[in-house]
Structure formats: structure tokens, C-alpha cells
Amino acid sequence: MGAAFDPRYGEAWTRSQCVGILAMPGVWLTLARVEGAVVGFALSRAIMDEAELLLIAVDPAHARTGIGATLLRGAIAECRSRGVKRLHLEVRANNPAVALYAGHGFRRAGVRRNYYRNRDGETFDAHTYALALE
Ligand SMILES: CC(C)(COP(=O)(O)OP(=O)(O)OC[C@H]1O[C@@H](n2cnc3c(N)ncnc32)[C@H](O)[C@@H]1OP(=O)(O)O)[C@@H](O)C(=O)NCCC(=O)NCCS
């Protein structure tokens with residue numbers, strides 16, 4: 001979490017946020033490992049036949065080696081096996097992760113203007129994306 005998220009945006013979750021969400025029903029965490037060391041994770045939550053990809057992150061030391069795509073495909077596969085029909089996510093508009101989502105069939109569903117604010121007070125739109133799994 002600490003390595004992957006750019007501290008300028010304050011998007012990394014705290015330890016207590018993580019512990020809290022993991023105790024909630026329908027939440028699952030997938031870890032990516034290279035030679036036993038954790039190098040990435042994806043955190044998702046399903047409610048009935050809808051799910052949300054809450055977080056996905058890869059250690060920058062392993063960036064652009066396909067780990068993020070593997071985690072995303074794993075989340076999609078898990079959603080299918082749980083009977084999820086639509087997977088949602090929300091991302092800062094200027095986050096390069098948008099390319100990852102678009103490459104896996106996610107389509108833009110909406111915009112939340114000025115939803116994110118960085119530590120300099122600069123604001124960024126949030127884009128919501130959805131992937132239909134039917
Ligand atoms: C987004 C993130 C998870 C991608 O992980 P990754 O392991 O580097 O991604 P992959 O190597 O699997 O990339 C798959 C494809 O996604 C796209 N992509 C990923 N990172 C990209 C970047 N920085 N710029 C442009 N395209 C990118 C590319 O199409 C890439 O394919 P290519 O390398 O063949 O061109 C990672 O950059 C990260 O942890 N970012 C910080 C945390 C974050 O903002 N998460 C998203 C919001 S929760």
C-alpha cells in the first residue's frame with residue numbers, strides 16, 4: 001500500500017481502514033507474490049450480483065510486468081464464480097490505471113467532478129467504470 005500509492009494523492013488506505021473492510025461480508029483480498037514476497041494486491045467487495053474493485057496496487061519495483069493485469073483478471077474471474085453481473089470501480093481521472101481497466105473491457109459509466117483533492121488542494125475528477133459480466 002505504502003509503496004504503490006503516490007503520497008501526493010492520499011489514496012492509500014490506513015491499517016485500520018483495511019482491517020475494517022476485511023471484516024465485512026463479501027470482501028476478498030488477493031495477494032500477488034513473486035518468489036514468496038507480496039508484490040501486489042487487489043481488494044474487492046461483492047453485494048448480491050454487483051461488485052466493486054476497491055483497490056488494486058503493485059509494488060513499483062515490479063511495475064509493468066503484468067502483475068496488475070493478472071490481479072484484475074483474477075478479480076473478474078472471482079466475480080464470475082460468485083455470480084456477479086456487473087463489476088464497478090472508481091478511479092482518479094488522471095490515474096494511469098485507467099489504461100489497465102480500459103484494456104480489460106471496462107467502460108466509463110460516470111464522472112464525479114472534483115471528487116479527489118490532493119495535498120496541495122488541487123482537485124481531480126473521479127471516473128466510474130463498469131464491466132458487464134453477463
Ligand atoms: C495500476 C497498477 C495496479 C498497474 O499495475 P502493473 O502491474 O504495473 O500493470 P501491468 O503490468 O499488469 O499493466 C497492464 C497494462 O495496463 C496498462 N498500464 C499499467 N500501468 C500503466 C501506466 N503507468 N501507464 C500506462 N498504462 C499502464 C498498460 O496497458 C499495461 O500493458 P503494457 O505494459 O503491455 O503496456 C499500478 O500502476 C499501481 O499499483 N498503481 C498505484 C496504485 C493505484 O493507483 N491503483 C489504482 C487505483 S486503486
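Values reported hereafter were calculated over all heavy atoms of this structure, with side chains retained and with hydrogens, waters and symmetry mates removed. Position 1 is the first residue of the sequence, and the numbers go up from there. In each ligand, atom 1 is the first atom listed, and ligand 1 is the first ligand listed.
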Exercise. Got a salt bridge between Glu122 and Arg117, using NZ or NE/NH1/NH2 to carboxylate O under 4.0 Å?
Worked result: no
Exercise. Would Arg119 count as a cation-pi partner of Tyr9, with NZ or CZ less than 6.0 Å from the six-membered ring centre and within 45° of the ring normal?
Worked result: no
Exercise. From Leu43 CG over to Thr30 OG1, what is the distance, rounded to the nearest 0.5 angstrom?
Worked result: 8.5 Å
Problem set entry | Side-chain donor-acceptor contact under 3.5 Å, His88 with Glu50 | yes
For this session: Write down the atom of Ala75, the atom of Trp28, and the distance for their closest heavy-atom approach.
Result: O-CZ2, 4.1 Å
Problem set entry | Side-chain ion pair, Glu52 and Arg45, N-O less than 4.0 Å | yes
Problem set entry | Under 4.0 Å from ligand 1 - residues by heavy atom, chain and number | Ala4, Phe5, Leu55, Ile56, Ala57, Val58, Ala63, Arg64, Thr65, Gly66, Ile67, Gly68, Ala69, Asn95, Pro96, Ala97, Ala99, Leu100, Tyr101
